[in-house]
Protein chains: 4
Amino acid sequence: MGKSKEEKRNRILQAAISVFAKKGFFHAKISEIANEAGVADGTIYLYFQNKDHLLISIFEEKMEEIITRVRRAITPIESNAEKLQKFIEMHASLVIENPSLSHVFQVELRQSGTFMKQYKPVKFQEFLEILADIVRDGQKSGEFKTGIAPGVLKRAVFGALDETALNWILKGRKYDLAESANQLAQLFLSGILES
Amino acid sequence: MGKSKEEKRNRILQAAISVFAKKGFFHAKISEIANEAGVADGTIYLYFQNKDHLLISIFEEKMEEIITRVRRAITPIESNAEKLQKFIEMHASLVIENPSLSHVFQVELRQSGTFMKQYKPVKFQEFLEILADIVRDGQKSGEFKTGIAPGVLKRAVFGALDETALNWILKGRKYDLAESANQLAQLFLSGILES
Amino acid sequence: MGKSKEEKRNRILQAAISVFAKKGFFHAKISEIANEAGVADGTIYLYFQNKDHLLISIFEEKMEEIITRVRRAITPIESNAEKLQKFIEMHASLVIENPSLSHVFQVELRQSGTFMKQYKPVKFQEFLEILADIVRDGQKSGEFKTGIAPGVLKRAVFGALDETALNWILKGRKYDLAESANQLAQLFLSGILES
Amino acid sequence: MGKSKEEKRNRILQAAISVFAKKGFFHAKISEIANEAGVADGTIYLYFQNKDHLLISIFEEKMEEIITRVRRAITPIESNAEKLQKFIEMHASLVIENPSLSHVFQVELRQSGTFMKQYKPVKFQEFLEILADIVRDGQKSGEFKTGIAPGVLKRAVFGALDETALNWILKGRKYDLAESANQLAQLFLSGILES
DNA sequence: CATGAATGAGCATTCATTCAT
DNA sequence: CATGAATGAATGCTCATTCAT
């Protein structure tokens, strides 16, 4: 029963991801999400405050999962260069595995005023901080150059990955995103490795 | 006469940029744009097909200006490394000079279904191609490494700049964007310069 | 429950007839209909597709009732001449009983593009066919002359009744419509009775 | 020049008939009429008060012509029965000759609130009075029965003709309207001729 | 007389959210 | 907990009409 409740919540969340990706946040109708989730319209409001928070919940909960996965994969690696490479690889893999979710993250999230203006995307900061930590550690250990601030680099890497992934999605996923990610990894490593 | 008409069109365009940036595309009201432009609601429809095309016109016309400015600044420079640096510097300058327009480009444009799905952002491709050309030329002349595809690099640079600028805008323009841009330039140059 | 829903639908239909008759189809506001029906604007759209279909539904449902009433009144009569007379009498009675509905039928229906161009007024044909059947039967039995086609006569009788009723309504219902109808009945009977 | 002015007025009137018939009164745009007449939008307002009066002017001026033609054709005839027959024949001929105008008369005129409620269609009364006069004269001379009021008969005949013509137009003018008119003439004559 | 750019009133429709059952 | 009928706020766009040129 408790399980059934959690399951229903998840059905709604998955339906929302699917409908947001297909129709866009503004044109997505609660009734369509409810229909796809197999619940009544009103039921959604028993699990989520409103449409905006449904979007935000997608972000927070999926981001939480992603952060956990990425951390688990990176922690055992010793070399910070390899950690960075792994991070970039995983970003591509995650996009490839879940294009609908990626679409929601890259396009639809920006359509929520609540998300863009009022809500502080803590989980996003946390995700970026994984990158900043790698950089900081690499700089401290002497692996990486120190000319660039970790806060700048984390955004540069993320921005590059994000734009690359967005293009891949909008262009119809026609080329090899993993290969592009690989080139990006080489680029950034060449840029920061102490020679 | 012709001037007055062109002027009115520009007033509408500027008002739209301002209102879109303040309220977001979906919450921006035509009546508010009209009011800020000092024209009647209906007048807007003498110059633009509809709200979507108003947004698209902002993109096309402003992008055209930007492309021209960037090309003019880059052409006389001989070194491709310096060209790339100049491009990055200018991106930051343009964002600093016109934050409202930047906001529209980075956030609001994604809210138009017409823009995202039906319209081909030719001007955006053209803008990115400036970057790709620099990379291609640098690789051909031996200035740059050849391991990375120009098509990948152009998105990496743009994505990094875009994310950096977006953060600067959303965080309230509290730090020195030009300095961040400078670090990015060093990062990318370190990454691609043939040693 | 089911009754309450049907009742609400009927309240909307009656309100629409009343408002269409008062203001004309184009100038009638949905909000006014909703107000007169005691429901919210949006509720109307739970029962009817749009304004056009509201008008068409009035026609179809009321015409259905009328056809039933007329058929029930005519069937037991043996003489076709008396049937025709009864039909004419009833037409006048129906107009007198429900002037708003008559106004909608005679004037407002023509303002709906959907009704005039796309929709096939099946119920109207069915109504006219009652007349055509009387004529056919009368001609077959020898009661009526055979010089006129039933299809022509049905329109002649209906047109005469309709124009007479329209004038009565537009002139403010100042004279005795039943008496005019009676004269029309004599006219048509004189015209078609086999002597 | 004086001629040119009258000519321009007529071009506008013809364009209006054509556009009203094609698009319907409400959906007809002044700009389309102006375009079809080869004048500027504003010019129409130099010749007609507004859209409503444009419709009314069509009615009045064309009706005037029709009344004149019908009177001219009927006056020389001596027998009132033959006059009635001639009237009916001419109605059909006029509809056949000018279907667009007929459409405007039968359908579009009812869409003008001004026409239906505020304006007194004097010319229409005058047209019907031709019929009433024939009946009155026939009844006085003993040709026609006296049981029916001329005022009732005139509407009956007109209504029958109008409905018949409307059907002919809406059904795509596929059958012989003149033959239907002929049957109607026989019907009404049988109905009123003193035997 | 003629033009046509500018005006601005006017309204159907959608859909997130609520709440009685 | 779940339902889904009902609500009602909110706004882009059209087009008859005007009037400065």
Side-chain angles (χ1 to χ4, degrees), chain A residues 1-2 4-5 8-9 12 25-35 37-54, chain B residues 1 4-5 8-9 12 26-35 37-54, chain C residues 1 4-5 8-9 12 23 26-35 37-54, chain D residues 1 4-5 8-9 12 25-35 37-54:
Chain A
M1 282 298 146
S4 153
K5 197 178 164 187
K8 189 173 288 189
R9 187 189 158 89
I12 295 170
F25 177 69
F26 268 95
H27 294 111
K29 290 182 256 179
I30 288 290
S31 63
E32 195 177 348
I33 295 171
N35 184 58
V39 299
D41 292 19
T43 304
I44 290 182
Y45 291 85
L46 298 175
Y47 293 85
F48 303 94
Q49 278 183 57
N50 54 33
K51 201 182 173 186
D52 257 45
H53 275 80
L54 186 47
Chain B
M1 288 299 139
S4 156
K5 205 177 159 185
K8 188 172 289 190
R9 188 190 157 88
I12 295 170
F26 269 95
H27 295 111
K29 287 181 262 179
I30 288 291
S31 61
E32 194 176 349
I33 295 172
N35 185 56
V39 299
D41 291 20
T43 304
I44 290 182
Y45 292 87
L46 296 177
Y47 293 86
F48 303 93
Q49 281 183 58
N50 54 34
K51 202 182 171 187
D52 255 49
H53 275 80
L54 186 47
Chain C
M1 288 300 139
S4 156
K5 205 177 160 185
K8 188 172 289 190
R9 188 190 158 89
I12 295 171
K23 303 295 176 75
F26 269 94
H27 295 111
K29 287 181 264 179
I30 288 290
S31 62
E32 194 176 348
I33 295 172
N35 185 56
V39 298
D41 292 19
T43 304
I44 290 182
Y45 292 86
L46 297 176
Y47 293 86
F48 303 94
Q49 279 184 58
N50 53 34
K51 202 181 170 187
D52 256 48
H53 275 80
L54 186 47
Chain D
M1 283 300 146
S4 155
K5 196 178 161 187
K8 189 173 287 189
R9 187 189 158 88
I12 294 171
F25 177 70
F26 268 93
H27 295 112
K29 289 181 255 179
I30 288 289
S31 63
E32 194 177 350
I33 295 171
N35 184 58
V39 299
D41 293 19
T43 304
I44 290 182
Y45 291 85
L46 298 174
Y47 293 85
F48 303 93
Q49 279 183 55
N50 54 33
K51 200 181 172 186
D52 257 45
H53 275 79
L54 185 47

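Proteins come first, then strands; the chains are lettered A, B, ... in the order of their sequence lines, and each starts at number 1.
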- prompt: Which residues satisfy the side-chain hydrogen bond (donor to acceptor under 3.5 Å, both in side chains) test with C/D52, sequence neighbours excluded?
  reply: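 If we apply the side-chain hydrogen bond (donor to acceptor under 3.5 Å, both in side chains) test to C/D52, skipping adjacent residues, the hits are C/S112, C/T114.
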- prompt: Who passes side-chain hydrogen bond (donor to acceptor under 3.5 Å, both in side chains) against C/N50, sequence neighbours left out?
  reply: C/H53
task: Write down the atom of B/F48, the atom of B/R9, and the distance for their closest heavy-atom approach.
output: CE2-NH2, 3.6 Å
Under-3.5 Å N/O pairs linking protein and nucleotides 2-5 of chain F:
from, atom 1, to, atom 2, distance (Å)
F/dA2, OP1, A/K8, NZ, 2.6
F/dA2, OP2, A/Y47, OH, 3.0
F/dT3, OP2, A/A40, N, 3.0
F/dT3, OP2, A/T43, OG1, 2.4
F/dG4, N7, A/G42, N, 3.3

Value rounded to 0.5 Å, distance of [atom1] in [X] from [atom2] in [Y]:
X	Y	atom1	atom2	answer
B/I44	B/Y47	CD1	OH	11.0 Å
B/I33	B/T43	CD1	OG1	13.0 Å
A/Y45	A/I12	OH	CD1	11.0 Å

task: Report the nucleotide, chosen from F/dT11, F/dC15, F/dC13, that has the shortest atom-to-atom distance to any side-chain atom of D/K29.
output: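 So the side chain of D/K29 is nearest to F/dC15.
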- prompt: Closest to the A/K51 side chain: E/dT13, F/dG12, E/dA16?
  reply: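 The nucleotide sitting nearest to the side chain is E/dA16.
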Could you tell me how far apart [X] ([atom1]) and [N] ([atom2]) are, to the nearest whole angstrom?
X	N	atom1	atom2	value
C/I30	E/dA12	CD1	P	5 Å
A/I33	E/dT17	CD1	C1'	14 Å
B/I44	E/dG8	CD1	C1'	12 Å
D/Y45	F/dA20	OH	P	17 Å
B/Q49	F/dG12	CD	C1'	14 Å
A/H53	E/dT17	NE2	P	11 Å
A/F48	E/dA16	CZ	P	15 Å

- prompt: Can you list the stems that include DNA chain E, where a stem is three or more consecutive Watson-Crick or G-U pairs with distances under 3.5 Å?
  reply: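 In DNA chain E, stems of three or more pairs: E:2-21 with F:2-21.
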message: Tell me if a side-chain donor or acceptor on A/K8 pairs with a main-chain N or O of A/A37 at a distance below 3.5 Å.
response: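 Answer holds: no.
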task: Could you walk me through whether B/V39 and B/L46 pass the side-chain contact (heavy atoms from CB on, under 4.5 Å) test, one step at a time?
output: CA-CA 11 Å; B/V39 299; B/L46 296 177; over 6 Å; no
query: Going by the side chain to side chain donor-acceptor pair (under 3.5 Å) test, which pairs reach into residues 25-34 of chain A, not counting sequence neighbours?
result: A/K23-A/E32
query: When the nearest nucleotide of DNA chain E is assigned to C/F26 and to A/H27 on a heavy-atom basis, which residue is associated with the more 5' position?
result: C/F26
